[in-house]
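Notes follow the structure.
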Amino acid sequence: MIITLKDGSKKEYAEPKSVIDIASDISEGLGRAACAGQIDGEVVDLRTVVDKDCQLNILTFEDEDGKAAFRHTASHIMAQAIKRLYPDVKLSIGPSIAEGFYYDIDSETPLTTDDLTKIEAEMKKIVKEALPIERFTKTREEAIAYFKEKEEPYKVELVEDIPEGEEISFYQQGEFVDLCAGPHLMSTKPVKAFKLTSLAGAYWRGNEKNKMLTRIYGTAYTKKGDLDEYLTRMEEAKKRDHRKLGKELGLFMMREEGPGFPFFLPKGMILKNTLLDYWREIHRKAGYVEISTPIMLNRQLWETSGHWDHYKENMYTTVIDDQDFAIKPMNCPGGILVYQSEPRSYRDLPLRMGELGLVHRHEKSGQLHGLMRVRCFTQDDAHIFMTPEQIRDEIKGVAKLIDSVYQLFGFKYHVELSTRPENSMGSDEDWEMATDALRGALDDLGLDYVVNEGDGAFYGPKIDFHLEDSIGRTWQCGTIQLDFQLPLRFNCEYIGADGEKHRPIMIHRVVFGSIERFIGILIEHYAGAFPTWLAPVQVKVLPISDKYVDYGKNVLEKLEEAGIRGEIDTRAEKIGYKIREARLQKIPYMLIVGAKEEEEGKVSVRSRFLGDEGMKDLDEFISSVKEEIKNRVTRKVEVQEENK
């Protein structure tokens, strides 16, 4: 058999060989580093035997799927350690996730962070034991009987849900056996750099009606240095937690009276409205018109759009005049009704309609998280109606708009093209045409992208923009979705140049995604220290004593007349205290005023960027700050001041 490797080179073997044997044959180093394999695009276990010509990729920790196999092995090591320490604990599932792994367990005695230390110590023993990991299979009946004997009810339920005739695989390391599809490493030995990070509650199978289990999170790396770097980044993330900073800076709050429904406070509204003003400005320049559609519409509309069948479990519904209504989870059907409100000609296209629409989606209570995961949010939607010939140019226009926004905030990003999911509607031809159009636009722009198979919307393929923040975390925000289905379902039309009726093509797109979530991301990205143009309070006037409050108020009045957002601290406190408080509030500029400043009609400037900038003429200061705000400049911090 001939094995074609990733670099195009070929290896020939006279008899079947396992993936790990082929990796070791290529080089001893690759054999040691191998975490999984990929045969003709399918991820497989290292133990998988190759017995025919194929394309083989040896996956290491540098590959996402290799990393997943490594961390999945770490989750099994953790589960083994837990069973050694607490034999009565019942195991459920333990997958790898983006930044590590977790295992959900059912423990009669609640675990604490002290238990995590004990579990880590036992995990180290298991790693040191270098236990070989072996794979085997059982029949459905054997698997059920095995887990009933072991008194593992969650495993029994999982086996019972596996379709008849499907292979049921197990992995064993020492005395520990787990139901698992794999893949896994060859032994426990390589998993040396790991850390258990937190405990949380999680409903069995994500269903609020089921029992609450204990979820133990952890992460694992091949090198201690990489683990230390990750843990440092996580500590930094804790300091930047938008929930903590949102409270400290008076931006927003969450209340038990409305779980998942954020309250924006006065300063938070300034931040939100500043973002929306920016959104309106760039969309006006890009040829969009703005619309607003109702928050609630009847069932017939949602049946036509397909949401009633495909999305109803996430929708809030009610009955009015004996008729079913739904609060909108998306803005698109309302946008279509606006399109249909008058006859359209090819001369009207492309028609770009933007909407800052408040939408509601039911999220499970355990998934709610500050502004990042809420039940109501403002979606910066736009729907573009166009002819088939305009598709590529419109997609490129949206991609350029998204790029300009992310560059302004200093975000790097990567792009994913998501293709047809299983739960979809429409013909194969439409899906192929739509996917090719998105792919072609990305190629025209020269944007690097990865294909995310099966992750498109139910009505069409999409392009997702995943931005990277200042500490390296990624967030999915911008998206472009091409839709042939809704214009068909709603019978949308335009009169073409030939005088005949034609069906428009539709683009759904967002730039921020959710305004609320984007604000949460910005809070963490900037650690609450927003650029001056975004800062709720741009300048704080600090009189040295009561004698200079009147002059300070005159300064504040001039700032406000110039359109600069300012405050004055009139408290009878020492100036050092006032400066420290203003720094804690992340104010970009502080203007200190005393006898000399009043006498000369000037201000002493302290900034977040340079520290003490000296005494300046007030008009000169106002002029420079206005310019900074107008151009949406992000000044770099050049000095670090201690919080004295």
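Basis for what follows: all heavy atoms, side chains included, without hydrogens, waters or symmetry-related copies.
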Does D483 have any salt bridge (charged side-chain N to carboxylate O under 4.0 Å, His left out) partners at least two apart in sequence or in another chain, and if so, which? none
Are the side chains of R135 and H184 in touch, meaning some heavy atoms are under 4.5 Å apart? no
Donor on one side chain, acceptor on other, T4 and Q55, under 3.5 Å: no
I'd like to know whether H369 forms a side chain to side chain contact (heavy atoms under 4.5 Å, CB included) with R243, so could you lay out the CA-CA distance, the side-chain angles of the two residues, the decisive distance to 0.1 Å, and finally the verdict. CA-CA 9 Å; H369 180 77; R243 296 167 298 178; 3.2 Å; yes
When you compare the side chain of I168 with that of T139, does any pair of heavy atoms fall below 4.5 Å? no
If you round to the nearest 0.5 Å, how far is CD of Q485 from CD1 of I505? 10.0 Å
Are R361 and F377 packed together at the side-chain level, in the sense that at least one heavy-atom pair is separated by less than 4.5 angstrom? yes
Residue pair P461 / W431, side-chain heavy-atom distance below 4.5 Å: yes
Which residues share a salt bridge (charged side-chain N to carboxylate O under 4.0 Å, His left out) with D178, sequence neighbours left out: K155
Polar side-chain atom of E164 near backbone of E166 as donor-acceptor pair, under 3.5 Å: no
In a check of side chain to side chain contact (heavy atoms under 4.5 Å, CB included) between H242 and each of I519, L522, I521, L371, which one passes? L371
Quick one: which residue pairs count as a salt bridge (Lys or Arg N to Asp or Glu O under 4.0 Å) with a foot in residues 425-439, not counting sequence neighbours? R420-D428
Give the intermediate values and the outcome of side chain to side chain contact (heavy atoms under 4.5 Å, CB included) for residues S187 and L131. CA-CA 5 Å; S187 84; L131 301 172; over 6 Å; no
H466 and Y413: CA distance, side-chain angles, deciding distance, side chain to side chain contact (heavy atoms under 4.5 Å, CB included) verdict: CA-CA 5 Å; H466 297 260; Y413 64 87; 5.9 Å; no
Y406 vs C477 side-chain heavy atoms within contact, under 4.5 Å: yes
For L445 against K396, the heavy-atom pair lying closest together: CG-CG, 3.7 Å
If every non-hydrogen atom of G370 is compared with every non-hydrogen atom of M254, which pair is closest and at what distance? O-CE, 3.9 Å
Cation-pi check, R71 onto Y221 ring (under 6.0 Å, within 45° of axis): yes
Scanning both residues in full, the closest heavy-atom pair of K83 with V89 reads NZ-O, 2.7 Å
Greater than 12 external heavy atoms within 6.0 Å of E422's CD: no
D380 and R509, any side-chain heavy atoms less than 4.5 Å apart: yes
Does the K148 side chain pair with the main chain of V156, one donor and one acceptor, at a distance under 3.5 Å? no
Is the F411-H525 ring centre distance short of 6.0 angstrom? yes
I'd like to know if the side chain of T48 reaches the main chain of D45, judged simply by a donor and an acceptor atom lying under 3.5 Å from each other, with no hydrogens or angles considered. yes
How are the rings of H76 and Y171 set to each other: parallel, tilted or perpendicular (split at 30° and 60°)? perpendicular
With a 4.5 Å limit on heavy-atom distance, are the side chains of F101 and T73 in contact? no
How long is the gap from CD1 on I105 to CD1 on I119, to the nearest 0.5 Å? 6.5 Å
CD1-CD1 distance between I22 and I58, expressed to the nearest 0.5 angstrom: 6.5 Å
Gap separating the CD1 atom of I2 from the NZ atom of K11, nearest 0.5 angstrom: 13.0 Å
Can you see which heavy atom on Y311 is nearest to which on P329, and at what distance? CE2-CB, 3.7 Å
Output the distance between atom CD1 (I126) and atom OG1 (T188), rounded to the nearest 0.5 Å. 7.5 Å
Counting distance only, does the side-chain N/O of R375 pair as donor-acceptor with the main-chain N or O of H362 below 3.5 Å? no
From CA spacing to verdict: salt bridge (Lys or Arg N to Asp or Glu O under 4.0 Å), E108, K211: CA-CA 12 Å; E108 290 301 319; K211 186 171 183 179; 3.8 Å; yes
Show the numbers, then the answer: is there a salt bridge (Lys or Arg N to Asp or Glu O under 4.0 Å) between E175 and R84? CA-CA 9 Å; E175 82 288 356; R84 282 185 178 183; 2.9 Å; yes
Would you compute the distance between atom NZ of K364 and atom CG of N314 and round it to the nearest 0.5 angstrom? 8.5 Å
So, S18 side chain and R47 main chain: donor-acceptor pair closer than 3.5 Å or not? no
Please confirm whether the backbone N or O of R373 pairs with a side-chain atom of R517, one donor and one acceptor, at under 3.5 Å? no
Around D448, counting heavy atoms of other residues, nucleotides and ligands shown, do more than 12 lie under 6.0 Å from its CG? no
Any donor-acceptor pair under 3.5 Å linking the side-chain atoms of D115 with those of T112? yes
Are any side-chain N or O atoms of H508 and backbone N or O atoms of C332, one a donor and one an acceptor, separated by less than 3.5 Å? no
For the salt bridge (charged side-chain N to carboxylate O under 4.0 Å, His left out) test, which of R240, R473, K238, K239 pairs with E524? R473
Evaluate whether atom CD of E236 has more than 12 neighbouring non-hydrogen atoms of other residues, nucleotides or ligands under 6.0 angstrom away. yes
Checking the side chain of Q379 only, and the main-chain atoms of V359 only, is there a donor and an acceptor separated by less than 3.5 Å? no
Please examine the side chains of F70 and L185, heavy atoms only from C-beta on, and report whether any two atoms are closer than 4.5 Å. yes
Looking at residues at least two apart in the chain, or sitting in another chain, which of them share a salt bridge (charged side-chain N to carboxylate O under 4.0 Å, His left out) with R233? E99
With R205, which residues qualify under salt bridge (charged side-chain N to carboxylate O under 4.0 Å, His left out), at least two apart? E157, D161
Nearest heavy atoms of L91 and Y154, plus distance in Å: O-CB, 3.4 Å
Side-chain donor-acceptor pair under 3.5 Å between Y13 and D25, yes or no? yes
Can you run down the side-chain hydrogen bond (donor to acceptor under 3.5 Å, both in side chains) pairs that involve residues 190-202, sequence neighbours left out, and say none if there aren't any? none
Counting N and O atoms only, with roles assigned by atom type, does the side chain of D63 sit under 3.5 Å from a partner on the main chain of T60, one being a donor and the other an acceptor? yes
So which heavy atom on G66 is nearest to which on C35, and how close? O-CB, 3.3 Å
Steps toward side chain to side chain contact (heavy atoms under 4.5 Å, CB included) verdict (E416, V450): CA-CA 5 Å; E416 289 185 4; V450 296; 3.3 Å; yes
Assess whether atom NZ of K244 is packed by more than 12 heavy atoms of other residues, nucleotides or ligands within 6.0 Å. yes
Is the backbone N or O of I93 less than 3.5 Å from a side-chain atom of D104, with the two atoms forming a donor-acceptor pair by type? no
